[in-house]
2 protein chains.
Amino acid sequence: MAFEEEQRIFDDFVRNKGLKHSGQRRDILLTFLKTEKHLTADELHRLVKKRNPAIGTATVYRTLRLLGESGLCREFRLDDGAARYEHLYGHEHHDHLVCKSCGNLEEVVDPKIEKLQEDLAKKHGFKISSHKMEIYGICRKCRN
Amino acid sequence: MAFEEEQRIFDDFVRNKGLKHSGQRRDILLTFLKTEKHLTADELHRLVKKRNPAIGTATVYRTLRLLGESGLCREFRLDDGAARYEHLYGHEHHDHLVCKSCGNLEEVVDPKIEKLQEDLAKKHGFKISSHKMEIYGICRKCRN
DNA sequence: CACATTAATGATAATGATTCTCATTATTAA
DNA sequence: TTAATAATGAGAATCATTATCATTAATGTG
């Protein structure tokens, strides 16, 4: 609940880059860590303002970039084009099941698919640096 | 080279919706069909202007939407967030190998992966409507 | 063919997300 | 405590996309 490990990672990152600490960044980091949802910058900003109403838009974006660089978060986009942010620490690589009805994202992994993706790339002489997969549809809950 | 089939599909679509034909739409359609690249709206607009310099931005976007509705094109987005458009007629479902060096997109399919994706969804009680997969890395050409 | 109807167009304004600028404030190391 | 400099927030700027609207063009009818 206190996210000591993540905070330590971020502190180290800030220190190593010769940056300074700030209360705003801590507020944003803790708010980000506290939800498992895949939020947009604006949605995160709204949440952060409950904790600290003075925080500006630019600071949210700037901090999100730093969280990305420090390996704590990852930006991704679904087909709607909106940038969303998800936890990276403690979340190994995974793909998403996206419910088009309720908007929920489920994280999934299938090692067999991962392997086949590598084979496919290799067959085309392609050196993989990353990959993503999304399955869109209707989730179990929404099917009733 | 004349894309009769695609033009017929679009004409039928326009007629069935009670819309009207226009030279601008034909210019945009033909320009779109003539390239196998995965263009953004702006890139397509530049190309179209070589054929008809008077065509406006809004018309390109409006036509792209109609091409989507008529099943001739599909909008998609890579991780850079830019909307791109690709041919749908004569291009069955496929995934993309995206070269981060030259930006080239290669279209690929692996039936085994497709099958496993369906199994994975089923296992989670998920009813699939569509799915996408992208592999990012360096293509064969750029590796030298 | 001429006409009335109505869709299409292009210029431009508006929007929404994100980034930039800059004067002010806060953090840090000495 | 202070000097150096990074961080902040407000608001301007940007970029892609969409909406508005007066004008133009396509269509079906007689």
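Please read these numbers as outputs of a predicted model, since none were measured by experiment. Throughout, a chain's letter reflects where its sequence line sits, starting with A, and its residues are numbered from 1.
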Please list, pair by pair, any protein nitrogen or oxygen found under 3.5 Å from a nitrogen or oxygen in nucleotides 28-30 of chain D.
none

Practice task
Select from A:Thr59 and A:Gly18 the residue whose nearest nucleotide in DNA chain D is closer to the 5' end of that strand.
Solution key: A:Gly18

Handout entry: Nearest-angstrom distance from the residue atom CG of B:Leu39 to P of D:dA16
Key = 14 Å

Exercise for the section: Name the orientation class of the two ring planes belonging to B:Phe32 and B:His87 (parallel below 30°, tilted from 30 to 60°, perpendicular beyond 60°). Expected result: perpendicular

Handout entry: Distance flag, aromatic centroids of B:Tyr61 and B:His45, threshold under 6.0 Å
Key = no

Exercise for the section: Search all heavy atoms of A:Ala41 against all heavy atoms of A:Tyr85 and return the closest pair with its distance. Expected result: N-CE1, 3.9 Å

Handout entry: Sequence neighbours excluded - salt bridge (Lys or Arg N to Asp or Glu O under 4.0 Å) pairs with any residue from residues 91-106 of chain B
Key = none

Handout entry: Plane angle bin for A:Phe10 and A:Phe13 - parallel if under 30°, tilted between 30 and 60°, otherwise perpendicular
Key = parallel

Practice task
Figure out the CG/P separation between B:Leu67 and C:dA8, and round it to whole Å.
Solution key: 13 Å

Practice task
Using the side chain to side chain contact (heavy atoms under 4.5 Å, CB included) rule, pick out the option among B:Ile9, B:Leu29, B:Leu33 that qualifies with B:Leu67.
Solution key: B:Leu29

Fill in the blank from the handout: Rounded to whole Å, the CZ-C1' distance (A:Arg26 to D:dT8) equals 15 Å

Exercise for the section: Figure out the CZ/C1' separation between A:Arg77 and C:dA17, and round it to whole Å. Expected result: 9 Å

Practice task
Could you encode protein contacts along nucleotides 19-28 of chain C as a string, one character per nucleotide from 5' to 3', using B for base contact, S for sugar-phosphate-only contact and - for no contact, with a heavy-atom cut-off of under 4.0 Å?
Solution key: BBB-----BS

Problem - Heavy atoms of other groups near B:Arg46 CZ, more than 12 under 6.0 Å - result: no

Practice task
Taking only the side-chain nitrogens and oxygens of B:Arg25, find out if one of them lies under 4.0 Å from OP1 or OP2 of C:dT9.
Solution key: yes

Exercise for the section: Give a yes/no answer on whether the side chain of B:Gln24 brings an N or O atom under 4.0 Å of OP1 or OP2 in C:dG10. Expected result: yes

Handout entry: Exceeds 12 heavy-atom contacts within 6.0 angstrom, atom NZ of B:Lys37
Key = no

Fill in the blank from the handout: A:Asp11 CG to D:dA6 P, in whole Å, measures 18 Å

Exercise for the section: Give one of base, sugar-phosphate or nothing for A:Ala82, where a contact means two heavy atoms less than 4.0 Å apart. Expected result: nothing

Exercise for the section: To the nearest Å, give me how far apart NZ (A:Lys17) and P (D:dT5) are. Expected result: 18 Å

Problem - Length of the line joining A:Arg84:CZ and C:dT18:C1', which is rounded to integer Å - result: 16 Å

Completion exercise
Exactly one of B:Val60, B:Leu44, B:Ile55 clears side chain to side chain contact (heavy atoms under 4.5 Å, CB included) with B:Thr31, and that residue is B:Leu44

Completion exercise
Whole-Å distance, B:Ile55 CD1 to C:dA11 P, equals 11 Å

